[in-house]
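Everything quoted here is computed from the prediction, not taken from an experiment.
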Amino acid sequence: MKKILVANRGEIALRVMKTAKKMGIKTVAVYSVADRQSPHVKFADEAVCIGEAPSNQSYLLGDKIIEVCKELGVDGIHPGYGFLSENSKFAEMAEKNGITFIGPKSHAIEVMGDKLAAKDTVKAYDIPMVPGLDHAITDIDEAKQVAKEVGFPILIKASAGGGGKGMRVVEKEEDFESQMQRAISEATSAFGDGSVFIEKYVGSPRHIEIQVMADTHGNVIYLFERECSVQRRHQKVVEEAPSAVLTPEIRQAMGEAAVKVAKSCDYVGAGTVEFLLDENKNFYFLEMNTRLQVEHPVTELITGIDLVEMQIRVARGEVLPIKQEDLKIKGHALELRVYAEDPLNDFLPSVGNLSTYILPEGEGIRVDNGFEQGMDVPIYYDPMLSKLITYGKDRNEAIELMLKAIQDYKIEGVSTTLPFGTFVFKHDAFVSGDFDTNFVKKFYSADIIKENQAKEAEVAVLVALKNYFADQKVLRVPTKL
């Protein structure tokens, strides 16, 4: 494999290209008009504009991307995450044109892309699942009857997608019909498929996922877990590895269950099996994501393995270079997704010009970044600017490093989730490890961040005044404003 096209943008495109370059593989970037000056475009050996800013006129044009591959003699396509990464037809298109898709085969993507089909596939492997409906549904009366049988509270979930879209928690029967209609409408809009399924709502779960890697020779390993319980709108914001609550026995049981899920669909490459962990440490299979996850860096840091390099090697037909018994967890890693969102205004997207954009540096600090100072944040795509990752010998060290890195990350021109990150990593519930997916609902409010910012501003003024008076050789310094 001498040339790879990365069918993506931003930080993940750049991150894949860096590994390819390290391996001596040439890279091709594709970009929309809005991303013409993006770092991934400048970094690639070749770059091709594939359309206008909206993703359905650029990054989602599978046919056009395949044509670019053929014109430039590309051997493999790395899809990153999002866009076409879990599109079985795109993977199949690549296969038919003799281009290696750096990911699973189209069949595995198709099976695991439908949550109900995925559950049906793994049923024979005796993997625990949340009680609920085992087929997709759009009929509201039938769904209401099922909800009564399962028992409230229940969770309505889109069958064809994820990311919190088409998902509704229903606490009581009288709210069911309106929430069902909203879920169907949102699923139709997001995925072109309004079918949903119903399952029992697990009230205080933790979201734990297992990283797996499989080669074409029948070998499958798991690279331990990631804790992804700090979420807003059912989407992850903070991730860590390992989880603060898993015992070695539960970790092994979940890892072995994840391997069974991968084997059930003849999986190849990097994948993630997601589980819910209830308050009694019982775990339930949720779904499998058939791609590289946003949060993969925390796994890389605790295992010392470059997952993108392993993806490429597996795609080339190589045998996995490591066995399960060789894998060990070393240290602790945290990740904060730095979104251009306003945490003081319900995390609404914030667009504008990055008039100041200075990344933190230092030992144990990693930033997977897709922007530069002076760039505009476009409205057309996911608002993530970067991923801020820290690594320490233990969890406490990783947290302290993260707080310092957030402080040293200078961004002006847009609102970001950096202040929210400070709130999370200082909160007693997070520090103690005693939290679940309701963390934001239970503990977070914009007023708390406003109070913290006001205190920080006062301290900054006091420090400035103290320095001023010291320079002027004034003996008495104000102690408060």
message: Within the 3.5 Å criterion, strictly below it, is a donor on Asp342 or Ser350 matched to an acceptor on the partner's side chain?
response: no
Matching residue for Leu72 among Leu5, Asp45, Val28 - test: side-chain contact (heavy atoms from CB on, under 4.5 Å): Val28
- request: State whether a side-chain donor-acceptor pair under 3.5 Å links Arg15 with His40.
  value: no
Note, Leu388 side chain near Ile365 side chain (heavy atom, < 4.5 Å): yes
- prompt: Can you tell me if Thr437 uses its side chain to pair, donor with acceptor, with the backbone of Pro205 under 3.5 Å?
  reply: yes
query: Do Arg232 and Glu341 sit within salt-bridge range, that is, some charged N less than 4.0 Å from a carboxylate O?
result: yes
message: Using a strict threshold of under 4.0 Å (side-chain N to carboxylate O), is an ion pair present between Lys323 and Glu325?
response: no
- request: Report yes or no: do Glu274 and His207 form a side-chain donor-acceptor pair below 3.5 Å?
  value: yes
field: Considering all heavy atoms, the nearest Tyr81-Met384 contact
entry: OH-CE, 3.1 Å
- prompt: Using 4.0 Å as the upper bound for N to carboxylate O, is an ion pair formed by Asp408 and Lys410?
  reply: no
- request: Check whether any side-chain N or O of Tyr339 sits under 3.5 Å from a backbone N or O of Leu418 as a donor-acceptor pair, and report yes or no.
  value: no
- prompt: Rounded to the nearest 0.5 Å, what separation is found between the CG atom of Leu403 and the OG1 atom of Thr390?
  reply: 8.5 Å
- prompt: Quick check: does any side chain N or O of Asn87 sit under 3.5 Å from a backbone N or O of Phe90, one acting as donor and the other as acceptor?
  reply: yes
message: Looking at Asn219, is its backbone amide N or carbonyl O close enough to the side chain of His217 to form a donor-acceptor pair, meaning the two atoms are under 3.5 Å apart?
response: no
- prompt: Is Glu372 paired with Lys42 through a side-chain N to carboxylate O contact shorter than 4.0 Å?
  reply: yes
field: Pair Tyr380 and Tyr59, ring centroids less than 6.0 Å apart
entry: no
query: Heavy-atom distance under 4.5 Å between the side chains of Leu334 and Val298, does that happen here?
result: no
- prompt: So, Lys105 and Glu110, do they make that salt bridge, N to O below 4.0 Å?
  reply: no
task: Run the numbers on Gln293 and Arg291 for side chain to side chain donor-acceptor pair (under 3.5 Å), then give the verdict.
output: CA-CA 6 Å; Gln293 291 280 88; Arg291 52 174 166 78; 2.5 Å; yes
Between CD1 on residue Ile198 and CD1 on residue Ile156, distance to nearest 0.5 Å: 6.0 Å
- prompt: Does Ser355 reach the main-chain N or O of Glu412 with its side chain, forming a donor-acceptor pair under 3.5 Å?
  reply: yes
Going by atom type alone, with no hydrogens or angles, which donor-acceptor pairs under 3.5 Å involve a side-chain atom of residues 261-273 and a protein atom two or more places apart or on another chain?
unit_1, atom_1, unit_2, atom_2, d
Ser264, OG, Val261, O, 2.6
Tyr267, OH, Ala270, O, 2.7
Thr272, OG1, Arg226, NH2, 2.9

- prompt: Between His78 and Gln311, is any side-chain donor less than 3.5 angstrom from a side-chain acceptor?
  reply: yes
task: Could you tell me whether Lys96 and Glu92 make a salt bridge, using a distance below 4.0 angstrom between a side-chain N and a carboxylate O?
output: yes
query: Are any side-chain N or O atoms of Asp215 and backbone N or O atoms of Val314, one a donor and one an acceptor, separated by less than 3.5 Å?
result: no
message: So, taking the atom named CE in Met402 and the one named CZ in Phe425, what distance separates them when rounded to the nearest 0.5 Å?
response: 4.0 Å
query: Can you tell me how far CZ of Phe283 sits from CD1 of Ile208, rounded to the nearest 0.5 angstrom?
result: 11.5 Å
- request: Test side chain to side chain donor-acceptor pair (under 3.5 Å) on Thr19 and Asp306 and set out the steps.
  value: CA-CA 8 Å; Thr19 286; Asp306 184 329; 2.8 Å; yes
- request: Give a yes/no verdict on a cation-pi contact between Arg395 and Phe430, requiring under 6.0 Å between NZ or CZ and the six-membered ring centre and an angle within 45° of the axis.
  value: yes
Pair Lys18 + Glu309, salt bridge at N-O below 4.0 Å: no
- prompt: Would Glu240 and His332 satisfy side chain to side chain donor-acceptor pair (under 3.5 Å), going step by step from the backbone distance to the final call?
  reply: CA-CA 8 Å; Glu240 65 178 309; His332 200 97; 2.6 Å; yes
- prompt: Is the closest side-chain heavy-atom distance between Gln211 and Tyr222 below 4.5 Å?
  reply: no
task: Take Asp193 and Ser195, measure what side chain to side chain donor-acceptor pair (under 3.5 Å) needs, and give me the verdict at the end.
output: CA-CA 6 Å; Asp193 181 351; Ser195 60; 2.7 Å; yes
- request: Taking only Lys NZ, Arg NE, NH1 and NH2, and the carboxylate oxygens of Asp or Glu, determine whether Glu239 and Lys387 approach each other closer than 4.0 Å.
  value: no
query: Has the side chain of Asn97 got a donor or acceptor atom that lies under 3.5 Å from a matching backbone atom of Met93?
result: yes
query: Hey, does the side chain of Thr100 reach the backbone of Ile102 with a donor-acceptor pair shorter than 3.5 angstrom?
result: no
task: Walk me through it: do Lys236 and Glu209 pass the test salt bridge (Lys or Arg N to Asp or Glu O under 4.0 Å)?
output: CA-CA 12 Å; Lys236 306 162 191 171; Glu209 60 188 29; 2.7 Å; yes
message: Checking side-chain polar atoms at under 3.5 Å, does Ser58 have a donor or acceptor matched by the opposite partner on Tyr31?
response: no
query: Would you say Ser185's side chain and Gln181's backbone share a donor-acceptor pair under 3.5 angstrom?
result: no
- prompt: Is Arg206 salt-bridged to Asp278, going by a charged N under 4.0 Å from an acidic O?
  reply: no
- request: Mind checking the CZ-CE spacing from Arg313 to Met1? Nearest 0.5 Å is all I need.
  value: 11.0 Å
- request: Could you tell me whether the side chain of Thr303 reaches within less than 4.5 Å of the side chain of Ile329, counting heavy atoms only?
  value: no
query: Does some side-chain heavy atom of Arg366 sit less than 4.5 Å from a side-chain heavy atom of Glu300?
result: yes
- prompt: Should Glu287 and Lys119 be marked as a salt bridge (Lys or Arg N to Asp or Glu O under 4.0 Å) after you check the CA-CA gap, both sets of side-chain angles, and the distance that decides it?
  reply: CA-CA 8 Å; Glu287 61 182 324; Lys119 289 188 175 188; over 6 Å; no
Ala117 backbone acceptor or donor facing Asp114 side chain under 3.5 Å: yes
query: Salt bridge check: are Lys3 and Asp75 linked by an N-O gap of less than 4.0 Å?
result: no
query: Is it true that Glu67 and Lys70 make a salt bridge, defined as a side-chain N closer than 4.0 Å to a carboxylate O?
result: yes
field: Presence of salt bridge, Arg337 and Glu295, under 4.0 angstrom
entry: yes
- request: Please tell me if the side chains of Leu60 and Phe83 come closer than 4.5 Å, counting only heavy atoms from C-beta onward.
  value: yes
task: Give, for atom CE of Met23 and atom NZ of Lys2, the distance between the pair rounded to the nearest 0.5 Å.
output: 14.5 Å
task: Considering only NZ, NE, NH1 and NH2 on the basic side and carboxylate oxygens on the acidic side, decide whether Arg168 and Glu186 come within less than 4.0 Å.
output: yes
- request: Check whether the ring centres of Phe420 and Tyr444 lie less than 6.0 Å apart, and answer yes or no.
  value: yes
